[in-house]
Amino acid sequence: MRFPFFLAFSAFHILSAMASPTTIKTSDGIRLQYTQTGPKNGQQLLFITGWRQAAVEWRKQAEYFSSVGFRVTTFDLRGHGDSEEPEFGYRISRFASDLNDVLSQLNLKKVTIIGHSMGCSVAWAWWDQYPESHKRIDKLVFVDQSASMVKDPHWTDAQAAQISAIFTPDAVYDLANDIGAQLAGLVKGMFTASVSESDIEWVLTQNRKMSDAHSGALLIDHAFKDWRDVLPRIDVPSLVIAGEASIFPPAGIEWVATQIPGAKNYTFTAAEKGSHFMFWENPEKFNSVVEKFVKK
């Protein structure tokens with residue numbers, strides 16, 4: 001049974017007032033900012049952002065899920081949002097270590113991780129690197145990330161299309177080295193045309209909290225990763241979410257679901273605002289899909 005809207009709204013604001021951002025320190029001494037909302041005994045959800053994004057961009061999920069009884073944790077990746085931005089560590093393996101620090105220091109148990117875009121890659125790297133920590137996980141949700149973003153020059157077009165490898169090697173380096181000039185157009189292309197200019201500018205403000213140099217280094221490391229051998233080794237219930245209007249053609253995201261034993265898949269249609277940021281554009285549907293999976 002859902003709370004009446006006014007009760008949910010009030011509950012969230014009470015819980016929000018009790019929650020304030022705080023920090024953990026990673027194993028290599030970097031401060032990461034995190035926020036927790038919702039009842040302390042609620043079912044645990046941990047949200048991981050994508051490349052250059054800030055944890056506050058999950059606010060439509062944090063508001064909803066904390067208001068209906070979940071314990072919601074969001075955090076800014078290193079160099080992102082309001083976390084510390086050191087001069088080192090901009091690789092997925094280091095971000096996986098940071099994730100392990102978050103899970104262990106906050107003692108999250110029976111948690112569902114929801115990763116968006118590069119956040120999926122961080123979760124896949126963590127799954128690969130920290131098998132002793134798998135016991136903390138209840139379920140996994142992967143939102144709109146292909147298993148390999150870069151097309152091997154020896155692949156056929158059909159092979160690249162199967163997994164939604166959308167970049168050539170040269171294109172990754174070109175983008176990384178010109179990201180300051182290309183960022184606004186890149187981010188705008190991740191949304192449908194229905195999103196307001198003020199929303200785009202707000203998201204860009206969050207993106208610009210990270211330096212172009214660090215984001216470029218991270219993009220190169222992230223883009224060239226290939227997670228196809230990790231997917232079949234995921235042995236907890238998983239949900240893979242794609243979007244018809246995303247920068248990633250949905251076929252490759254749906255392919256990810258076929259590689260994880262027993263995984264479920266949901267593809268947002270264009271009418272459902274199935275962009276790369278469908279969780280922002282259609283939060284009611286996104287939250288419903290995730291909640292149904294988590295509670296099943």
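Quantities reported herein were computed from a predicted structural model and do not represent experimental measurements. One-based numbering along the sequence shown.
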Residues [X], [Y]: salt bridge by 4.0 Å N-O rule:
X    : Y    : result
K25  : D101 : no
D221 : R94  : no
D82  : R31  : no

Pairwise distance CD(Q182) to CG(N177) - rounded to 0.5 angstrom
10.0 Å
Looking at CD of E272 and CE of M278, how far apart are the two atoms once the value is rounded to the nearest 0.5 Å?
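That separation rounds to 10.0 Å.
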Any cation-pi pair here, R59 with W202, using under 6.0 Å and within 45°?
yes
Is K285 close enough and on-axis enough to F268, meaning under 6.0 Å and within 45°, for cation-pi?
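No, K285 does not sit over the ring of F268.
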Pairing donors with acceptors under 3.5 angstrom, does anything connect the side chains of [X] and [Y]?
X    : Y    : value
T112 : Q44  : no
T192 : E281 : yes
H80  : S83  : no

How would you list all residue pairs meeting side-chain hydrogen bond (donor to acceptor under 3.5 Å, both in side chains) that involve residues 243-258, not counting sequence neighbours?
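Sorted result for residues 243-258: D144-S246, E254-T267.
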Salt bridge (Lys or Arg N to Asp or Glu O under 4.0 Å) partners of K292, counting only residues at least two apart:
none
Quick check: do R71 and Q36 have side-chain heavy atoms less than 4.5 Å from each other?
yes
Taking the side chain as every heavy atom from C-beta outward, state whether V230 and W227 have any atom pair closer than 4.5 Å.
yes
